[in-house]
Structure formats: structure tokens, C-alpha cells
Asker: 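Could you have a look at this structure, given as C-alpha cells, before my questions?
Below, chains carry the letters A, B, ... as their sequence lines are ordered, and counting in each starts from 1.
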2 protein chains.
Amino acid sequence: MSEIQRPGALYQQVAAAIREAILSGEFAPDSLLPSEAQLMTRYGVSRPTVRNAIAALRAEGLIDVRHGKGSFVRSDGQPSLTIERRISRTPDGKFVMPNGDVWQEAEEPHTYRTHTTKATGRLLQLGEEEALFGCDRLLLDPGTGTRAMHRTLIPFAVADVVPALAEDPYKRSGALYRQLTEDGHKLTWSETVRARMPLPDERTTLQLPDATPILHLARVTHDSDDRPLILEELRIGADRAELAYRISADKQPARGTRH
Amino acid sequence: MSEIQRPGALYQQVAAAIREAILSGEFAPDSLLPSEAQLMTRYGVSRPTVRNAIAALRAEGLIDVRHGKGSFVRSDGQPSLTIERRISRTPDGKFVMPNGDVWQEAEEPHTYRTHTTKATGRLLQLGEEEALFGCDRLLLDPGTGTRAMHRTLIPFAVADVVPALAEDPYKRSGALYRQLTEDGHKLTWSETVRARMPLPDERTTLQLPDATPILHLARVTHDSDDRPLILEELRIGADRAELAYRISADKQPARGTRH
DNA sequence: ACTCATAACTCGTTAGGACGAGTGACGTCA
DNA sequence: TGACGTCACTCGTCCTAACGAGTTATGAGT
């Protein structure tokens, strides 16, 4: 029967006590926490209060709760998959996507036609409602079981001008890059990284645990004249994967980047 | 009185109905949702059920709830701050950190001495319990009000060998890089990006809304012989900031990256 | 017209109760 | 011995009830 007094609401005091016990190591990772009934008597509170405290800890990603079994301290293990966001070429000029070979396609790719949104239009330097080729892939890393959602978007307007893209806009990235390079294009890439909570369909598709954000990457392939050719998006659970970049120190002065 | 029947629990059906209404535009961003009492009569359920549904939508980051006012549709605005993770040099060799000038120090830096953990030791290619200089900064972007937590870690063992670091390990990054370069070091950088839910102290320090993950960056500065010199960590709320990288296509074959 | 107390709304917290559903151990029966 | 059903334990869902606390509009009083 621990005494609690500190700050604010009862359930927050209970949550703080449990959190402290976890972070101090009293409850080891993967170990079973006391049941709701035990916590009720231990802190002298009602079940809603205990459940409220547990809900707070779940939202922090500190514990996992399994129906019929109990609450477990989540092991804050490192991500098991490091995704190198780099593009390499073998001496004979062939593109090699780091990690590109480990990804399998868990389903048949889904190809479709769509239009730019405000967000995708901005990245492709287009207005809204511009026509696009779209291709969605569900990728799977058999080694770790990690899943990722991949999307390729190519504007009609670009495919009209670039034969390599009109031929088959639904190729995989490495094939597209190679084709473009063979046609004489000098490619550059820029990538933005964001994180957010998953929508329900992303949560089920990626098989994410509670309180797990997703990393959302947007990679734009540019031509030598800085015209955007391809937009690729990758969504992946942040519990299993991390991104790795090599940072280059170029000789040009930095430009302003706020927008 | 909308009818609901679909899947699983009652509160999930209610949550799905509200979510659908939001995503379909029936409830515009920043608009006020019906109150709990109204939702109770509208769906014919009790208050706990309504609150459970609302809690689910909060955890998804879809709505914000303000005590005494109501629930509001969160505007899924783009991040207002794009952080260029690039290192540039002016023609005379001076380092320029993109965005480096916009950051102010919201507090006096906190310097201390600590030891490697399993995670930081791995990045610095050291064992555990190796002595480190530490410096924590709370950064502030006055333009957007965005806050970020920055940490610099330098091993004693490195400072012993590299005079530029022993002199003052608590300088800001740009000054450290310049000093090292003047001393003849050829620097390279690698960076890993992860996302996770914030701990309570991070949540308050960074002033984060509900269901907002943080982006966690770890940048390692390497010497020309690939020895790690400096580890920098940056933690920032994913609601306000995104990261931008330029991806280089180098000529070397890719190495395996799984670990 | 202005000030300020009150009322009426909002969500937040806590309690108590009841039943459903997943899990695993135990014991019975074949 | 083995299969299987029961039971006790876990968390999940749903309800009623009451009060606290923040916000805003209303209206009375000055």
C-alpha cells in the first residue's frame, strides 16, 4: 500500500508511481505488472482510476496490455532495421538501392490514376488536381517481419515529356532510375522526413502496437534542371525501423529554408 | 440519431462514425465537434462510451480537446519548420549550419559529465560506462515558437587526443566543426532518424499537444579515419518540424546495413 | 454603460457495478 | 496417457451516478 500524494489527479499520481517503478528498474522490461485488481488494493483506488493510469502509460508507449494476460513493460529495444537512405552505383553505373534487395512485395502492386493533393502538388511543383500515375506497394522485410507502405506518383505531364517514364510508370524505383540515367538524365534526390500517428488502416496494415508513430518519407527525384520527375512515399512503423543518412558538406552557401 | 452497427465495440463504432465525418469534411478543421452530451443522444450511448470514442480519436491525433470548451478537429497543417540536415561551407571554408542561425538558446546551456549508455556507446564505438562531456541546450525558433532539445556528447578519450575538443567541449556545433577543420581534420557525418512518443518531461519541455511523436536525431561526426568524435542528439516535436535531406548517389557499391 | 456575480454550459475525475471475452491451469473422464 | 471441459484469472466494454473545474453568456446591480 504505497502512499501517493503529489500532483494533480489521482490517476496521474498512480501513473507516475508506476512509471517511476518501471524507469527505476523495479519492473524489468518484458515483465508482468500487477493486475488491475492488485493495483486497486495497492493504491487504494477504484478500477476506473487504475485503468486511466494504465491508459496514460499505454499512450506513452511504456507498457503493452494483452487481453486475458496482463500488462507488460515494453522493452525499448533498438529498431531492428536500419534503412539506409542513400543511392549507390556500382562501378559499371548500375543503381543499387541499399536495403533494396531485402524488401519483398507482400502483395501484388496496386496501380491506379489519381490527382495531386495540396501536399503532393507542392512537392512536385504542380497545382492541385493534376493527373498522376500511382502505384502502391506493400513491402515486407522477411528477416525482421517489418512491413512498409510504398507509393510512387508520376505526373502525366512529366511522362508525356520523358519517354522512360511513359513506357512503364509502374516499375520499381531502381529500374526507373536506371532507365532515366540510360536516357541521359542526371538525377538528384531530396527527401523530407516526418512523423505522425498512424490512421487506423495504416495501423492494421503495418501491424503496429499501441502508441507507435510512423515515419513518413517523401523522396523527390529531380532532373538536372531541378524539375521534379517522381514522388515516392514510404511509410513505416517507427518501432522497428530507423533511417540512416550520410550528410554531405558541400561548398555552396546555405539557402534559407523556412517556408 | 445516426444508426451504427458495424464492427466490434460500441465506442469503436462511434469513433469510426466521427472519424468518417471528419475525414469526409462534414466537420471542418478547427471546427467544434458536438459536445459529449450531444454525442450521447445522437448515438444513444452513455458518457463513458462517448469519452472512450473521443479518447481513441485523440490518440490518433485527429482531434484536440480543451477543458470547458469542447473538442476541435485538428488541422493537419504541414510542419511550419523544415530543418535542413545539411552542412555547407562558404567559399572561404567557413561552416554554415542551415537553420543554425534561426535557433536561439531558450536557456543557459547545461554542461555536465556522464557516461555512455548502451545506445550512445554503440554510436560512438565505445563500451558502456565510458566517460563523456555532456552539454544540453534548449533551442527555440522565434519565428514559429518551435522548441528543440539538443545534446552534445564527447568522449573523454577523444578529447584527450584531439586538442580542439579538450579546449572547450561545450562550444556550439558549428564552432566545433570549424575548430576541428582548422586543425586539419577531415570530417564526415552520419545521421540516424527515429520517432517515438515523448516522455512526460519531453512533452512539457517541448510543449507538445496530445498524440504528437518526437523526431529523434543522432548525428555522429567522424574523423577521416572513421573514428567517432562527437555525438549530437536533437529531439523535436513532429507536429511542427520536418527534416530535409539531400541524397547523394555515390559510386561505391552499397554495403550491408542490417544489424 | 459598465461591472461583476451567477448560471449554464463544457470536459475532467472518481466511484461502483455488471457482464463479455481471452488465457491458462487444473482436474476429470475416456 | 491423453483429450477435453471447467474454472479462475486476466483485461475489455458499458452503464449509472456524482462532483470538480474551466469557459462563456446572461443579467442584475451600480
Side-chain angles (χ1 to χ4, degrees), chain A residues 1-18 27 30-74 200 203-204 209-211, chain B residues 1-18 27 30-74 200 203-204 209-211:
Chain A
M1 178 80 72
S2 306
E3 300 293 326
I4 35 185
Q5 206 70 230
R6 291 332 130 55
L10 246 187
Y11 79 91
Q12 287 173 341
Q13 301 172 27
V14 174
I18 301 174
F27 296 122
D30 289 324
S31 70
L32 186 60
L33 285 170
S35 73
E36 293 179 358
Q38 289 170 331
L39 293 173
M40 285 168 64
T41 64
R42 172 163 174 169
Y43 295 111
V45 296
S46 69
R47 190 160 174 232
T49 302
V50 166
R51 283 187 64 79
N52 216 343
I54 288 181
L57 298 175
R58 291 177 69 162
E60 294 174 24
L62 219 54
I63 63 175
D64 276 315
V65 181
R66 271 173 282 183
H67 191 174
K69 305 192 70 168
S71 302
F72 297 81
V73 180
R74 185 180 287 186
R203 199 161 133 45
T204 57
D210 278 344
Chain B
M1 179 80 73
S2 305
E3 299 293 325
I4 36 186
Q5 207 68 231
R6 283 356 117 47
L10 244 189
Y11 80 91
Q12 287 174 340
Q13 301 174 25
V14 174
I18 300 175
F27 296 122
D30 288 324
S31 69
L32 185 60
L33 261 62
S35 71
E36 293 178 357
Q38 289 169 331
L39 292 172
M40 284 167 66
T41 64
R42 173 162 172 167
Y43 295 111
V45 297
S46 70
R47 188 155 174 238
T49 302
V50 167
R51 284 185 64 79
N52 216 342
I54 288 181
L57 299 175
R58 291 176 69 162
E60 293 173 24
L62 219 53
I63 63 175
D64 276 315
V65 181
R66 271 172 284 182
H67 191 173
K69 306 193 70 168
S71 302
F72 297 81
V73 179
R74 186 180 286 186
R203 200 163 134 43
T204 57
D210 278 344

Asker: Pick the nucleotide of DNA chain D nearest each of Arg66(A) and Thr49(B); which residue has the one closer to the 5' end?
Answerer: Arg66(A)

Asker: Grab the CG-P distance between Leu10(B) and dT16(D) for me, whole Å please.
Answerer: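 The distance from CG of Leu10(B) to P of dT16(D) comes to 12 Å, rounded to the nearest Å.
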
Asker: Rounded to whole angstroms, how far apart are CD on Glu36(B) and C1' on dG22(D)?
Answerer: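 One finds 14 Å between C1' of dG22(D) and CD of Glu36(B), rounded.
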
Asker: Take Arg47(B) and Pro34(A), find for each the nucleotide of DNA chain D with the closest heavy atom, and name the residue whose nucleotide sits nearer the 5' end.
Answerer: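 It is Pro34(A), whose closest nucleotide lies nearer the 5' terminus.
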
Asker: Can you tell me if the side-chain N/O atoms of Lys69(B) get under 4.0 Å from OP1 or OP2 in dT24(D)?
Answerer: yes

Asker: Counting side-chain heavy atoms from CB outward, which of dT13(D), dT16(D), dC11(D) is closest to Gln12(B)?
Answerer: dT13(D)

Asker: Looking only at side-chain atoms of Ser46(B), point me to the closest of dA21(D), dT10(D), dC15(D).
Answerer: dC15(D)

Asker: Round to a whole Å and report the spacing from CG of Asn52(A) to P of dT13(D).
Answerer: 15 Å

Asker: Quick one: does any side-chain atom of Arg203(A) pair with a main-chain N or O of Pro209(A) as donor and acceptor, under 3.5 Å?
Answerer: yes

Asker: Taking any atom under 4.0 angstrom from a heavy atom of chain B, which nucleotides of DNA chain C are the first and last to qualify, 5' to 3'?
Answerer: dT10(C) to dT13(C)

Asker: Measure CG/Asp64(A) against P/dT10(D) and give the value in whole Å, please.
Answerer: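 About 19 Å, once rounded to whole Å.
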
Asker: Verify side chain to side chain contact (heavy atoms under 4.5 Å, CB included) between Ile63(B) and Phe72(B), making sure each step is shown before the conclusion.
Answerer: CA-CA 5 Å; Ile63(B) 63 175; Phe72(B) 297 81; over 6 Å; no

Asker: Roughly how far, to the nearest 0.5 Å, is the OH atom of Tyr43(B) from the OG1 atom of Thr49(B)?
Answerer: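 Here the rounded value is 13.0 Å.
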
Asker: Quick one: is Arg51(A) getting a side-chain N or O under 4.0 Å of the dG12(D) phosphate, OP1 or OP2?
Answerer: yes

Asker: Does Val14(A) reach the side chain of Leu39(A), with side-chain heavy atoms less than 4.5 Å apart?
Answerer: no

